[in-house]
Trainee: 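Pasting a structure here, questions to come.
Note that ligands are numbered from 1 as they come in the structure, with each ligand's atoms numbered from 1 the same way.
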Amino acid sequence: MSLPSGVPLELRLRRPMEADHPRLVAIVDDWWGGRRLHDLLPRLWLQFFTGTSWIAETRDGRLAGFLIGFISPDDPTLAYIHMVASNPELRKRAVGRAMYEAFLQDVAGRGARQAKAITWAGNTVSIGFHLAMGFQIVEGPGTRQIMGVTAFPDYEYPGEDRVVFVRGVRPPS
Ligand SMILES: CC(C)(COP(=O)(O)OP(=O)(O)OC[C@H]1O[C@@H](n2cnc3c(N)ncnc32)[C@H](O)[C@@H]1OP(=O)(O)O)[C@@H](O)C(=O)NCCC(=O)NCCS
């Protein structure tokens with residue numbers, strides 16, 4: 001059942017655990033509107049990346065969202081968000097923002113100075129969300145206009161175009 005949309009959500013953010021994996025893979029395709037996304041969420045993300053990832057829950061323990069992210073082992077100044085999603089019944093209620101802010105603040109404290117994420121060129125919701133969260137779309141060599149947005153054609157695989165987002169991460173004051 002949806003919560004009334006005008007009521008501010010009381011969210012609890014915590015680190016995920018491996019035991020959360022079945023619960024997340026069970027909903028991930030549905031939360032992406034029926035796309036086959038569970039392939040992108042193998043158990044390893046809940047085994048080795050929990051220290052930089054987040055789960056958001058409502059006060060009564062409902063899953064409100066999750067964010068899987070990490071700091072690059074190759075470049076410790078770069079943080080990367082692999083997946084983010086909020087519960088479709090709680091969209092546009094600042095769940096995604098709360099998780100991104102927690103992630104960015106946390107990785108900033110650990111030395112990250114830039115954050116990166118990618119999305120499918122047709123995911124207008126994700127594009128709007130990332131722009132609202134202060135990300136910029138990477139332009140320049142290798143990009144093309146795809147579905148009305150600047151994207152890298154064949155980024156993942158022939159036909160798998162991606163929009164690449166970056167933003168600065170401010171060091172803690
Ligand atoms: C993208 C997603 C995580 C946004 O989560 P959310 O909890 O609804 O987002 P929030 O309510 O925290 O919104 C944060 C900002 O994004 C903007 N935003 C959210 N949904 C948007 C949409 N559909 N279109 C444009 N902007 C949007 C909001 O306006 C808000 O900006 P503001 O704070 O300046 O008003 C959610 O829609 C989702 O889970 N989508 C399916 C999964 C997905 O595509 N993930 C991203 C790719 S990995």
Side-chain angles (χ1 to χ4, degrees), residues 1-14 16 20-21 23-42 44-46 49-50 52-72 78-107 112 114-138 146-152 155-157 160-170:
M1 200 174 73
S2 300
L3 296 172
S5 58
V7 178
L9 283 179
E10 259 187 65
L11 289 178
R12 192 174 75 95
L13 264 63
R14 65 164 172 87
D20 291 308
H21 183 251
R23 189 182 180 201
L24 296 186
V25 284
I27 51 81
V28 68
D29 293 354
D30 180 42
W31 283 20
W32 257 265
R35 291 189 82 211
R36 190 189 162 94
L37 259 289
H38 64 267
D39 289 346
L40 287 183
L41 193 59
L44 69 89
W45 290 106
L46 280 297
F49 297 88
T50 55
T52 44
S53 299
W54 292 98
I55 280 198
E57 289 170 329
T58 58
R59 210 173 156 197
D60 58 358
R62 280 175 73 201
L63 185 61
F66 70 92
L67 182 159
I68 307 289
F70 58 92
I71 296 174
S72 165
L78 180 66
Y80 187 87
I81 301 102
H82 170 60
M83 285 181 109
V84 61
S86 57
N87 187 325
E89 293 179 356
L90 303 173
R91 295 253 163 104
K92 293 205 169 180
R93 297 190 59 188
V95 176
R97 175 176 283 282
M99 294 189 296
Y100 255 57
E101 285 177 352
F103 177 79
L104 294 170
Q105 190 181 340
D106 179 47
V107 296
Q114 198 175 45
K116 188 171 176 181
I118 63 170
T119 205
W120 171 57
N123 192 341
T124 51
V125 172
S126 175
I127 293 166
F129 170 73
H130 281 93
L131 294 177
M133 294 308 305
F135 284 78
Q136 290 183 329
I137 294 174
V138 174
I146 298 171
M147 298 170 123
V149 65
T150 306
F152 287 84
Y155 184 88
E156 297 290 18
Y157 190 74
E160 291 290 340
D161 317 319
R162 293 292 182 271
V163 179
V164 178
F165 303 101
V166 287
R167 63 158 276 175
V169 175
R170 228 181 281 137

Trainee: Residues in ring pair (Phe, Tyr, Trp, His ring centres under 6.0 Å) with His38, at least two apart?
Mentor: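 Listed in chain order: nothing, the list is empty.
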Trainee: Test of understanding: with salt bridge (Lys or Arg N to Asp or Glu O under 4.0 Å), list the residues that count as partners of Arg35, not counting sequence neighbours.
Mentor: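 For Arg35, no residue satisfies salt bridge (Lys or Arg N to Asp or Glu O under 4.0 Å) once neighbours in sequence are set aside.
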Trainee: Can you tell me if Asn87 uses its side chain to pair, donor with acceptor, with the backbone of Gly65 under 3.5 Å?
Mentor: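 Checked: no pair found.
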Trainee: Restricting to salt bridge (Lys or Arg N to Asp or Glu O under 4.0 Å), what partner residues turn up for Arg14, sequence neighbours left out?
Mentor: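 Per chain and number, Arg14 pairs via salt bridge (Lys or Arg N to Asp or Glu O under 4.0 Å) with Asp20, Glu57.
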Trainee: Check step by step if side chain to side chain contact (heavy atoms under 4.5 Å, CB included) holds for Leu90 and Arg93.
Mentor: CA-CA 6 Å; Leu90 303 173; Arg93 297 190 59 188; 4.1 Å; yes
Trainee: When you pair each N or O of ligand 1 with protein N or O atoms, which pairs come out under 3.5 Å?
Mentor:
| from | atom 1 | to | atom 2 | distance (Å) |
| --- | --- | --- | --- | --- |
| ligand 1 | 5 (O) | Ser86 | OG | 3.1 |
| ligand 1 | 7 (O) | Ser86 | OG | 3.0 |
| ligand 1 | 7 (O) | Gly96 | N | 2.9 |
| ligand 1 | 8 (O) | Lys92 | N | 2.7 |
| ligand 1 | 11 (O) | Lys92 | N | 3.4 |
| ligand 1 | 11 (O) | Arg93 | N | 3.1 |
| ligand 1 | 11 (O) | Ala94 | N | 2.8 |
| ligand 1 | 12 (O) | Gly96 | N | 3.2 |
| ligand 1 | 12 (O) | Arg97 | N | 2.7 |
| ligand 1 | 33 (O) | Arg97 | NE | 2.9 |
| ligand 1 | 33 (O) | Arg97 | NH2 | 3.0 |
| ligand 1 | 34 (O) | Arg97 | NH2 | 3.4 |
| ligand 1 | 39 (O) | Ser86 | N | 2.8 |
| ligand 1 | 39 (O) | Arg91 | NE | 3.3 |
| ligand 1 | 39 (O) | Arg91 | NH2 | 3.2 |
| ligand 1 | 44 (O) | Trp32 | NE1 | 3.4 |
| ligand 1 | 44 (O) | Asn123 | ND2 | 2.8 |
| ligand 1 | 45 (N) | Val84 | O | 2.8 |

Trainee: Determine the interplanar angle of the Phe66 and Trp32 rings, folded into 0 to 90°, and report it as parallel if under 30°, tilted if 30 to 60°, perpendicular if over 60°.
Mentor: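 Aromatic pair Phe66/Trp32 classed tilted.
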